[in-house]
Trainee: 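Can you keep this structure in mind? I'll have questions shortly.
Residue numbers begin at 1 in each chain, while the letters A, B, ... track the order of the sequences.
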Amino acid sequence: MDLTISKQILSIALQRTAGIADRKSSMQILANVLIDATMASSVRLSATDLKLYASGVLPAQVIETGSVTVAAKMIHDVVKSLPEGEVRLRTDNDQLIVSSGRAKFKLLALPADDFPRLPETEGLSFFEVETGLLARMIDQTSFSISTDDTRPHLNGALFQGDGKKLRMVTTDGHRLNKVEHKVEEAGFYNFSMVIPQKGIMEFKRMIEEGSGHCKVAAQEGQIFVQREFDVEKVEGAEPLSASFLLVSKLIDSDFPNYDQVIPSSSERVVIAPRVLFLEALRRVSVVSSDRTLGVKFQLVEGSLEVMTNNPSVGEGAELVDVTYEGEKLVIGFNARYIIDALSTLTDDEIKLEVSGPLDPMVIKDMSGGFVGVVMPMRI
Amino acid sequence: MDRHPIEVLSPLVADQIAAGEVVERPSSVVKELVENALDAGATKIRLDIEAGGVRRIRVLDDGAGLAADEVKTAFLRHATSKLRRIEDLDDVSTFGFRGEALPSIAAVSRISVRTRTREDIEGTLLVLQGGRVVEQRSAGCPVGTEIEVADLFFNTPARLKFLKKESTEASHCAEALVRLAALRPDVGFTMSHAGRTVRNLSRVERVEERVMAMFGGEHLVRAQGEEAGVKVLAILGPPELSRAGAGSLYTFVNGRFVRDKTLLPAIAQAFGGTLQRGQYPVGLVAIDMPPGSFDVNVHPQKTEVRFAEPQAVFRAAHRVIGQMVASAVWSLGSLGLRVKEEATPLRNEPPSVPREPTFGFEEHRLVPPPPAVRPEPVLPAPSPRPRVTDPPPGEAPPQPLQLGLEPQPQTNHPTRLRDLRYIGSARSTFLLLEADDELVIIDQHAAHERVTYERLQRELTATGRLSSQRLLTAVNLDLGPAEADRIEELSEQLGRHGLEVSRTGPDRIGIHAVPAELALSSPARLLADMVLALEEGRKGSRSLDEDHLLATMACHGSIRAGKQLSPAEVTALLSQMESIDFAGHCPHGRPVLTRLPWRELERRVHRG
Ligand SMILES: Nc1ncnc2c1ncn2[C@@H]1O[C@H](COP(=O)(O)OP(=O)(O)OP(=O)(O)O)[C@@H](O)[C@H]1O
Ligand SMILES: [Mg+2]
């Protein structure tokens, strides 16, 4: 193998893939990236921890085809340190020679044959999603993925499409957050999968920058997300683009029936100014116990008072003017659960629906795409 | 059914029944006789028993003795020289006050008494059998009293059947003696069984010395304090030396050994979870309070008292001992490093005096008197401190039945955690902090557990219930019916601790809410562990249920060893440690921190 590639492109690609490599694994090769040059003008970089798999296809000038693996962290650090310009990657027996200008490094390499087989993308039917939309859906739900390993079916986000809507739902057993978006594209097909927490986070990293669309497909217990990036723009020339692919194993158990825990009706409806309410929650919870962030809401006509009383610190309270006409209610919550939800929303106002002090409270945004259910805390 | 007509019992039968209450076994006789000797102002008491005390119990004292005309009266029911009016009972400063012991013992044995007062030239010999005087005459004997109780229960064979084997009865007798000896360093006690000396507690000056002689150990820490009129003296061993059950924990109220429902839990809880399940520290806790604030006349063997304000007693004991536990570090123990014994006990030297470097943990320390307000959480200072054997300046020797509970001068210089510099962590397990003269090493899991434990306990004490987070849907566990029954039975106690469960099917338990502090733990695992903790607690003493349960819960809610903490997390942990009464042990009894003096390091690299 012998090729040259722009330092900038290689560096970006390593940044997006090398992190997946598993340095702690007993399989030494999982700490490596696979550099695979089979075409004349592109090279593929891949890394995997056997659960997640990341790869990027980058523009390069391949002089001699071939493939090799090297320690992901090492090559990343080496490339980062190089000056801007072209980098040459060349194999020499069991070494990869990285050179740029007068700098030259010989890195110990392992044969590509030992690297795990990568998932096949051939024949997959992808659908397109706007990256901004998908990123927002992840933002509004990923914070409530359960980490309880005795309930693996909750350790991920439910991602569904039903022809008209895209939906993402997470729950940690105390709260549930669901976001739905209408999708214009025709021919959208049905799917339902549970993406593990780590996969969700990597997806988010992959799509959060820039705009445009990404392609999504699912097959055989894996989700594939593919995205093109402009990696180098030179005046007057076509921008060079690279294509990145992220594959995650799916959680192989059924997500609970989320509809069942969303109350269909509530006795009390409150319209609250989102930012004022959020700030009041943040302020008052400063005094509450660090771990439980227990706060009480006292709801009376026209106002919602956020209160906390921490025997070892003191107490705090703040009144928020809200639209509410109903009986007085006092109910306790973990402030964190409500802060998490409110801070990912964008509407000026939000709707709270609640019945009794032991019943779930529903948080909705005014546009109706978001539904959060929070169970109360007995303080 | 045939029924006898109602009759008044003959005096002898009445005495035997009453005796059954006072004299349960040989050790009861020992207790009564030794108490009488102490009441008579003895300075030396000798106890000899044979065949576990059944064949013979002899108590010899050098006390005031009885005048010839009093001896027979002493064996009459309700004959006492110690109490005249019922009001005196509030103020009773002697062990005896009922005038029941001697007649009760006499009713079930053959007794001979030899006694002489200082004023008399001749003494008296009185012999009784089954309560009847069979002989009385003058006899030559030294000042004091010798009472010999032979053939105990000879006339009540049913009683005899309940006795255990001789060695067991003998050790009960020894125990009765020790309980009386603990707070009376001013009296010498010896005891023999079948001619062999089994106890020899010579006269010493201070209670600590007596307690050390009793336990034969040096790992005792002393603390004393007073709150709301309740004086507390505690001389206790470290959690590592604790024992299952309260058998080696001697508790006293105004000099009287008692087993109290308030006191034992207060002590155990003050140790927090540093004690292993079902365990109590070894040592002694003595409460002293104004006459009238408790009632001693509630138990035939006087081993119970009734406090007018049990909460006040609980609080005082809990606080004084809690502070002691919080700042005491008894031994290096679990690190497995050999602790070096110093040849001569340290006196109150100024901290600057150079001394042989040690690991700093083996020293006994005096805990400063508890200040009126919650003290700054402190790390035990490494400066030399007096051993408990050193009489602190100005402390009067203990008075009979009156503890010397004067506050002690503060002699240590506490180091605050926040004054130390965090320099990193080792093996993602130990946090390393640099102090002026030592390296402080904190076990992050143990420390975190301790912090969580304290928080849980504080919340529970303040509100009586732990706050709980409700679950969206019940977590259902399919169990056997027996298992489900067990859990259902515990549901109230679990609920108080934030875990709400109910039977949701014949074989099924549903979890509806989890403790808010532990909201991230797996509900199923939490239930399993909490049930286990409660059941283990049950096997031990009830009062420990709570601690053990909280310790289990704290473990759930705590960061594991092996998790790399960010500097922010370390700061948070250290500041949490400061916000509680920092104790040297995790709730499971392992030390939270250890220290390595720089001098020790320097010595190891042959420097300085
Ligand atoms: N060893 C002793 N030396 C001097 N006097 C004694 C001795 N033992 C008993 N007496 C006298 O005998 C009396 C009766 O003793 P007894 O133990 O029966 O009653 P008590 O000690 O007064 O009350 P209690 O039944 O509560 O022990 C005592 O009050 C005391 O005056
Ligand atoms: Mg008596």
Side-chain angles (χ1 to χ4, degrees), chain A residues 24 144-155 169-178 255-263 288-296 308-313 331-337 356-362 371-379, chain B residues 374 448 451-452 454-477 495-500 511-529 553-554 556-559 562 564 569 572-573 575-576 578-581:
Chain A
K24 290 197 194 97
S144 57
I145 293 176
S146 167
T147 51
D148 174 3
D149 56 13
T150 62
R151 289 185 290 173
H153 57 293
L154 300 185
N155 298 162
V169 190
T170 65
T171 179
D172 60 8
H174 306 156
R175 53 181 165 164
L176 176 143
N177 291 288
K178 179 186 93 163
F255 199 78
N257 183 354
Y258 59 88
D259 268 339
Q260 225 175 298
V261 301
I262 303 176
S288 64
S289 148
D290 337 341
R291 282 284 279 283
T292 63
L293 285 183
V295 293
K296 274 185 184 165
T308 185
N309 180 356
N310 179 352
S312 53
V313 182
I331 183 169
F333 288 103
N334 180 335
R336 162 96 292 131
Y337 294 170
L358 293 180
D359 301 319
M361 178 170 81
V362 181
V371 178
V373 183
V374 184
M375 289 307 285
M377 192 169 136
R378 195 198 57 211
I379 303 172
Chain B
R374 204 178 187 78
H448 199 259
V451 166
T452 309
E454 291 288 334
R455 242 194 332 241
L456 290 171
Q457 204 190 38
R458 207 179 292 170
E459 191 188 340
L460 198 62
T461 320
T463 63
R465 237 190 134 87
L466 292 180
S467 55
S468 67
Q469 169 67 52
R470 294 193 70 77
L471 302 180
L472 273 170
T473 47
V475 171
N476 282 308
L477 301 175
R496 228 164 57 73
H497 292 85
L499 193 78
E500 288 173 24
I511 306 174
H512 306 285
V514 293
E517 276 277 346
L518 315 178
L520 293 181
S521 314
S522 152
R525 251 183 230 158
L526 201 55
L527 175 67
D529 285 357
M553 294 174 70
H556 256 274
S558 302
I559 36 176
Q564 183 72 47
E569 287 172 308
L573 179 59
S575 78
Q576 284 168 345
E578 296 218 329
S579 74
I580 58 162
D581 274 354

Trainee: How far apart are the closest heavy atoms of A:S144 and A:R175, and which atoms are they?
Mentor: CB-NE, 3.6 Å
Trainee: Decide side-chain hydrogen bond (donor to acceptor under 3.5 Å, both in side chains) for B:T452 and B:E517; before the verdict, give the C-alpha distance in whole Å, the side-chain angles of both, and the deciding distance to 0.1 Å.
Mentor: CA-CA 8 Å; B:T452 309; B:E517 276 277 346; 5.5 Å; no
Trainee: Check A:G356 against A:I331 and note the closest heavy-atom contact, atom names and distance.
Mentor: O-CD1, 3.5 Å
Trainee: What part of A:P376 lies closer than 4.5 angstrom to a heavy atom of chain B: side chain, backbone, both or neither?
Mentor: both
Trainee: Which answer fits A:T171, side chain, backbone, both or neither, if we ask what part of it has an atom under 4.5 Å from a heavy atom of chain B?
Mentor: side chain
Trainee: I'd like to verify something: which residue of B:A462, B:A516, B:G498, B:A524 has the highest number of heavy-atom pairs under 4.5 Å with chain A?
Mentor: B:A516
Trainee: Who pairs with A:H174 by ring pair (Phe, Tyr, Trp, His ring centres under 6.0 Å), at least two apart in sequence or on another chain?
Mentor: A:Y337
Trainee: Quick one: do the A:N177 and A:T170 side chains pair a donor with an acceptor below 3.5 Å?
Mentor: no
Trainee: Heavy-atom distance under 4.5 Å to chain A: side chain of B:R470, backbone, both or neither?
Mentor: both
Trainee: For each of B:S521, B:P523, B:S468, B:A513, tally heavy-atom pairs with chain A at distances under 4.5 Å, and name the one with the top tally.
Mentor: B:S468
Trainee: Does any backbone or side-chain atom of A:R151 lie under 4.5 Å from a heavy atom of chain B? Answer side chain, backbone, both or neither.
Mentor: side chain
Trainee: Output all residues satisfying side-chain hydrogen bond (donor to acceptor under 3.5 Å, both in side chains) with B:R465, sequence neighbours left out; order by chain, then residue number.
Mentor: none
Trainee: Could you check which of B:H512, B:Q469, B:E500 has the highest count of heavy-atom pairs closer than 4.5 Å to chain A?
Mentor: B:Q469
Trainee: Which atoms of B:P515 are under 4.5 Å from chain A, going by heavy atoms: the side chain, the backbone, both sets, or neither?
Mentor: neither
